[in-house]
Asker: 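Following this message is one structure expressed as structure tokens.
Quick caveat, the model's predicted, so the values are computed rather than measured. Residue numbers begin at 1 in each chain, while the letters A, B, ... track the order of the sequences.
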Protein chains: 2
Amino acid sequence: MRPRMKLYLDGPGGGTFGEGVCRLLEAIAAEGSIREAARLLGRGYRKAWGDIDRAEEAFGRRLVSKSRGGSSGGATELTPFGRELVAAWERFSGEAAAGMEEAFERHLGAIIEGGNRDER
Amino acid sequence: MRPRMKLYLDGPGGGTFGEGVCRLLEAIAAEGSIREAARLLGRGYRKAWGDIDRAEEAFGRRLVSKSRGGSSGGATELTPFGRELVAAWERFSGEAAAGMEEAFERHLGAIIEGGNRDER
DNA sequence: AACCGATATGTTCAACGGTGCATAACGGAC
DNA sequence: GTCCGTTATGCACCGTTGAACATATCGGTT
């Protein structure tokens with residue numbers, strides 16, 4: 001029985017950033033387009049687009065730089081702030097998860113895993 | 001802009017324990033009944049009952065000891081394991097949250113809070 | 001036996017988030 | 001100007017979740 005955690009950053013005027021959007025940004029950085037990134041992650045473009053929109057609303061800053069038209073049809077790449085954010089979030093979430101695991105072992109590890117006795 | 005976290009414990013065969021159920025258990029310990037605890041927390045009895053059921057399923061052990069009938073109509077109290085779990089969860093979640101805050105300051109504190117410039 | 005209040009459980013309805021479909025807009029290449 | 005692939009955006013559908021309502025059951029008191 002393992003613990004699980006979800007991390008969020010909420011903007012003051014709505015909007016949210018979390019693990020999902022971070023993964024999406026990484027995929028965009030790798031693929032160069034929102035559509036391809038969404039396909040790679042098995043998500044719909046519609047939702048991916050909305051997620052980015054909400055994330056940018058949360059920070060009040062652009063995370064990606066999008067362009068329409070052209071021979072390629074269009075493209076999307078991360079802004080410098082977007083790249084910085086992804087890297088910082090990776091460190092943040094990794095460290096938070098490690099601390100959580102540690103706290104779990106310290107306080108709940110002994111309590112749980114103790115078989116399935118029944119008390120009445 | 002502050003970070004936020006949610007913690008879960010998932011049982012192998014379904015069932016979940018989290019902050020919500022823990023609050024509910026505390027309220028039950030204080031009030032002596034599921035119904036009164038639910039009312040105190042502004043939740044419906046139906047959901048409270050189901051939450052407890054799922055939490056007990058997650059651990060495979062009883063968290064509360066319920067009784068029906070009698071002059072009082074019935075009552076519910078925590079099992080020793082239930083009390084132990086609530087106390088351990090408090091320490092666990094508190095420590096995890098503290099570690100998360102610390103990680104946030106270290107890795108994201110400088111990046112965020114930096115005003116709302118726009119980059120394009 | 002009647003009463004009362006809490007547990008036990010089913011059912012129905014509203015809200016919400018995700019998925020998918022449809023379509024418009026864009027702009028470089030040809 | 002046509003074509004193509006991507007961004008941009010609306011809408012309709014659906015599964016999950018929670019809220020609210022409706023009973024049924026239990027058992028000590030009276």
Asker: Do the side chains of E77(A) and K66(A) get close enough for a salt bridge, i.e. N-O under 4.0 angstrom?
Answerer: no
Asker: Less than 4.0 angstrom between a side-chain N/O of T76(A) and OP1 or OP2 of dT7(D), yes or no?
Answerer: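 Yes.
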Asker: Starting at CD1 of I28(B), measure out to CD of E36(B) and round the result to the nearest 0.5 Å.
Answerer: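 One finds 11.5 Å between CD1 of I28(B) and CD of E36(B).
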Asker: May I have the distance from D53(A) (atom CG) to dT7(D) (atom P), rounded to whole angstrom?
Answerer: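 It works out to 14 Å between those atoms.
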Asker: Name the residue closer to the 5' end of DNA chain C, choosing between S71(A) and G69(B) according to the nucleotide with the nearest heavy atom.
Answerer: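 The residue closer to the strand's 5' end, by nearest nucleotide, is G69(B).
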Asker: Would you classify G74(A) as touching base, sugar-phosphate or nothing, given that sugar-phosphate means primed atoms plus P, OP1 and OP2, and contacts are heavy atoms under 4.0 Å?
Answerer: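 Since only primed, P, OP1 and OP2 atoms lie under 4.0 Å of G74(A), the category is sugar-phosphate.
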Asker: Looking at the side chain of R68(B), which of dT7(D), dC26(D), dC21(C) is the nearest nucleotide?
Answerer: dC26(D)
Asker: Ion pair present between E19(B) and K6(B), side-chain N to carboxylate O less than 4.0 angstrom?
Answerer: no
Asker: Once you round it to whole Å, what is the distance between P of dT17(D) and CG of D51(B)?
Answerer: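 Checked: the CG to P distance equals 11 Å.
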Asker: Once you round it to whole Å, what is the distance between C1' of dT7(D) and CD1 of I28(A)?
Answerer: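 For the pair I28(A) CD1 and dT7(D) C1', the rounded distance is 12 Å.
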Asker: Can you tell me which nucleotide in dT7(D), dC21(C), dT7(C) comes closest to the side chain of K66(A)?
Answerer: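 That would be dT7(D).
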Asker: For residues F59(A) and F17(A), establish whether the separation of their ring centroids is below 6.0 Å.
Answerer: yes
Asker: Got a second to check how far F104(A)'s CZ is from L7(B)'s CG, nearest 0.5 Å?
Answerer: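 F104(A) atom CZ to L7(B) atom CG measures 11.0 Å (nearest 0.5 Å).
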Asker: How long is the line joining CZ of R46(B) and P of dT11(C), in whole Å?
Answerer: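 About 10 Å, once rounded to whole Å.
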Asker: Can you identify which nucleotide, out of dT9(D), dT7(C), dG28(D), has its nearest atom closest to the W49(A) side chain?
Answerer: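 Nearest to the side chain of W49(A) among the choices is dT9(D).
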Asker: Return the nearest nucleotide to the side chain of R35(B); candidates are dG20(C), dA8(C), dG10(C).
Answerer: dA8(C)
Asker: Send over the distance from R54(B) CZ to dT9(C) C1', rounded to a whole Å.
Answerer: 14 Å
Asker: Over how many whole Å does the gap from Y45(B) atom OH to dG18(D) atom C1' extend?
Answerer: 17 Å
Asker: For the side chain of K47(B), counting heavy atoms from C-beta on, which of dT7(D), dA6(C), dG18(D) is nearest?
Answerer: dG18(D)
Asker: Separation of R39(B) atom CZ from dG5(C) atom C1', in whole Å?
Answerer: 10 Å
